[in-house]
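Structure record follows, encoded as structure tokens.
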Amino acid sequence: MDLHSGLPYWLIKNKLFNYHNPLKDDLVVDVAIIGSGITGALVAHELCAAGIPCAVFDKRTIATGSTGASTAQLQYEIDVPLSDLIGKVGTENAVRAYQASLQAITDVEQVFESVPVRPSFRRVSSVFLASNKQGLRLLEREYEARKYHNLPVSFLDADALFAEHRIVAPAALKNKAAAQMDGYLAATGLLKHHLKKSDLSLFSHTEIINYQEKKGGYELLTGDGVTIRCKYVVIAAGFEAGRFLPKQVMRLVSTYALVSQPVDPSQLWPERSLIWETAIPYFYMRTTSDNRMMIGGEDVPFRNPERRDRLLRWKIKRLERKFKQLYPEIPFVVDMAWCGTFSSTQDGLPFIGPWAGKQRMLFALGYGGNGITFSMIAAQLIKNRLLGIKDERAKVFGFNRLDNS
Ligand SMILES: Cc1cc2nc3c(=O)[nH]c(=O)nc-3n(C[C@H](O)[C@H](O)[C@H](O)COP(=O)(O)OP(=O)(O)OC[C@H]3O[C@@H](n4cnc5c(N)ncnc54)[C@H](O)[C@@H]3O)c2cc1C
């Protein structure tokens, strides 16, 4: 499956990590990580930092799956609002999921303070707009829930919203805890850093096509007929993880994004906030370090890559129109557009950890619109599990929440 098409900006802006190293000989390693996107890179980083020997395998060029297409906004808000998530998973787990996501933004920031990699991480405010009257009711409910549970939030009525952000809408929730970065640079930078330190092995163009559970671990088989023996295997294979899962746990979604030509910084909207809305699917926007505007949304259920790609031109027009409704005074000229695939789960939470009865196969599936904060949580949970450290977040994100896993 093609995970994206069109011209994903990050893959063009950044120099391609031109790395070709297929695994040619049988290998033994403590932990095999399948996937070199932001999830696999963060898992590898956490394990290397803890001194756990590991190797990353990817069937593609490094980090050119969904990570290369991501708009990489980091928000503590999960796709399902807290006030609804409480109804789905209970108050304790819902609040813990939100708190974990909030902490994950700081943890991503700290990862990139601890290594010589600068993926344009920038703290920005997040503005969650009410798209209509129904959205206003949701925001009122959501504001109370978040405030009650001490999550950072303020309520802007229509006047305050216009005064602070020049936006005409019924209301918005705002916080200053969000961030943005370049996900491709983050993933490739981390992997390069560990290659340089020689504490990681990295194999591109190496597809894992089969696996067998053995005493004390797994034996993986590559498309070239080479075997990898490991004590643990981490599945960071993104939206192609289905072949490792006993049953389907996610719903694939096609999504669209575009980036404008650069403008003078004075022409950008106030605070360069991340802006999104209550409508489903939602429209969202951010800026880039070179003063472009990046906008996305228009999600539709994924059927096949051809259908997703055929819709691209039409979706570009719709996204452009939405931007112009919000900020008609800002000159916006589309420069590049692309479509990608992401996945959602029934409760908006990712799946992290082992499936019941398979304790040495650890999933790191950061599903959802805020997949990157989940990738950070997955990396820490997996490291803690391998070190035997109890982590209260495990049950919030584990497969145990599925009735019959
Ligand atoms: C347009 C778009 C916008 C997005 N915006 C945001 C956002 O603003 N904020 C946010 O947090 N998230 C966002 N997301 C989601 C986010 O990009 C993903 O959650 C994240 O990139 C997933 O990273 P990953 O490493 O898990 O998966 P990927 O980047 O897809 O990496 C998985 C890798 O596994 C490899 N692989 C798969 N199967 C095998 C196999 N059998 N053998 C070997 N290798 C294998 C693939 O080749 C791939 O490189 C967005 C996604 C898209 C498409």
Side-chain angles (χ1 to χ4, degrees), residues 1-6 8-10 22-23 32-44 56-79 101 104-105 108 126 178-181 183-184 186-188 191 203-211 220-223 228 233-244 250 252-259 274 276 282 284-286 294-299 302 308 315 337-344 350-352 363-376 378-379:
M1 167 168 63
D2 294 335
L3 289 182
H4 53 75
S5 61
Y9 166 70
W10 310 113
L23 180 68
I33 301 166
I34 305 178
S36 70
I38 188 65
T39 311
L42 283 167
V43 172
V56 171
F57 306 87
D58 201 303
K59 65 183 187 177
R60 295 188 171 81
T61 295
I62 299 302
T64 54
S66 300
T67 297
S70 181
T71 52
Q73 293 158 198
L74 307 179
Q75 294 178 208
Y76 80 78
E77 291 110 327
I78 291 161
D79 285 350
S101 299
I105 301 172
V108 170
S126 160
Q180 62 185 35
M181 67 173 183
Y184 177 73
T188 53
L191 294 170
F203 299 96
S204 67
H205 305 96
T206 301
E207 181 170 7
I208 308 303
I209 57 164
N210 215 336
Y211 60 91
L220 312 176
L221 179 67
T222 75
I228 302 155
V233 56
V234 175
I235 311 297
F239 311 126
E240 295 166 310
R243 67 157 27 122
F244 302 100
M250 75 282 200
L252 291 182
V253 176
S254 298
T255 187
Y256 299 83
L258 55 86
V259 72
L274 308 184
W276 55 304
Y282 61 84
Y284 60 85
M285 49 200 255
R286 58 165 282 186
M294 185 175 274
I295 67 179
E298 286 293 321
D299 305 355
F302 175 87
R308 178 195 63 196
K315 295 290 189 181
W338 61 97
C339 36
T341 306
F342 81 98
S343 183
S344 62
F351 286 104
I352 302 170
F363 289 87
L365 307 178
Y367 295 148
N370 290 306
I372 298 176
T373 44
F374 294 150
S375 305
M376 185 72 250

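We count ligands from 1, going down the list as the structure has it; atoms in each ligand are counted the same way.
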Under 4.0 Å from any heavy atom of Gly238, which atoms of ligand 1 are there? 26 (O), 27 (O), 32 (C)
With respect to Ile38, determine whether any N or O atom, backbone or side chain, lies less than 3.5 Å from an N or O atom of ligand 1. yes
In chain order, what residues pass the side chain to side chain contact (heavy atoms under 4.5 Å, CB included) check against Ala44, with sequence neighbours excluded? Ile33, Val56, Leu191, Leu200
Need the ligand 1 atom indices (1-based, order shown) with element for anything under 4.0 Å from a heavy-atom of Gly35. 33 (C), 34 (O), 35 (C)
Considering only heavy atoms, does Ile209 approach ligand 1 within less than 4.0 Å through its side chain, its backbone, both, or neither? neither
Is there a polar contact, in the sense of an N or O pair closer than 3.5 Å, between Thr373 and ligand 1? no
What pairs with Thr188 under side-chain hydrogen bond (donor to acceptor under 3.5 Å, both in side chains), at least two apart in sequence or on another chain? none
Using a heavy-atom cut-off of under 4.0 Å, does the side chain or the backbone of Tyr284 touch ligand 1, or both, or neither? side chain
Would you say Arg243 has any N or O atom under 3.5 Å from an N or O of ligand 1, going by distance alone? yes
Which atoms from ligand 1 have a heavy atom of Gly366 less than 4.0 Å away? 19 (O)
Using a 4.0 Å cut-off to any heavy atom of Ala69, which atoms of ligand 1 qualify? 1 (C), 2 (C)
Using a 4.0 Å heavy-atom cut-off, which part of Ile34 comes near ligand 1: side chain, backbone, both, or neither? side chain
Out of Gln180, Arg286, Lys59, whose heavy atom is nearest to atom 43 (C) of ligand 1? Lys59
What I want to know is whether Leu74 and ligand 1 share at least one N or O pair that is separated by under 3.5 angstrom. no
Within the structure, does Trp338 bring an N/O atom to less than 3.5 angstrom of an N/O atom in ligand 1? no
Can you tell me if Asp58 and Ser204 form a side-chain donor-acceptor pair at under 3.5 Å? no
Does any N or O of ligand 1 fall below 3.5 Å from an N or O anywhere on Asp58, backbone included? yes
Consider every N or O of Glu207 and every N or O of ligand 1, then say whether any pair is closer than 3.5 Å. no
Find all atoms of ligand 1 within a distance of less than 4.0 Å from any non-hydrogen atom belonging to Thr341, and give their numbers and elements. 53 (C)
Between Phe244 and ligand 1, does any nitrogen or oxygen pair lie at a separation below 3.5 Å? no
Give the contacting part of Ala72 toward ligand 1: side chain, backbone, both or neither, where contact means a heavy-atom distance below 4.0 Å. backbone
Logged contact type for Ala236 with ligand 1, heavy-atom cut-off 4.0 Å, is backbone
Just distances here: any N/O of Thr67 and N/O of ligand 1 closer than 3.5 Å? yes
Any N or O of Thr39 that comes nearer than 3.5 Å to an N or O of ligand 1? yes
Taking atom types as modelled, is there a side-chain donor on Ser126 or Trp276 under 3.5 Å from an acceptor on the other? yes
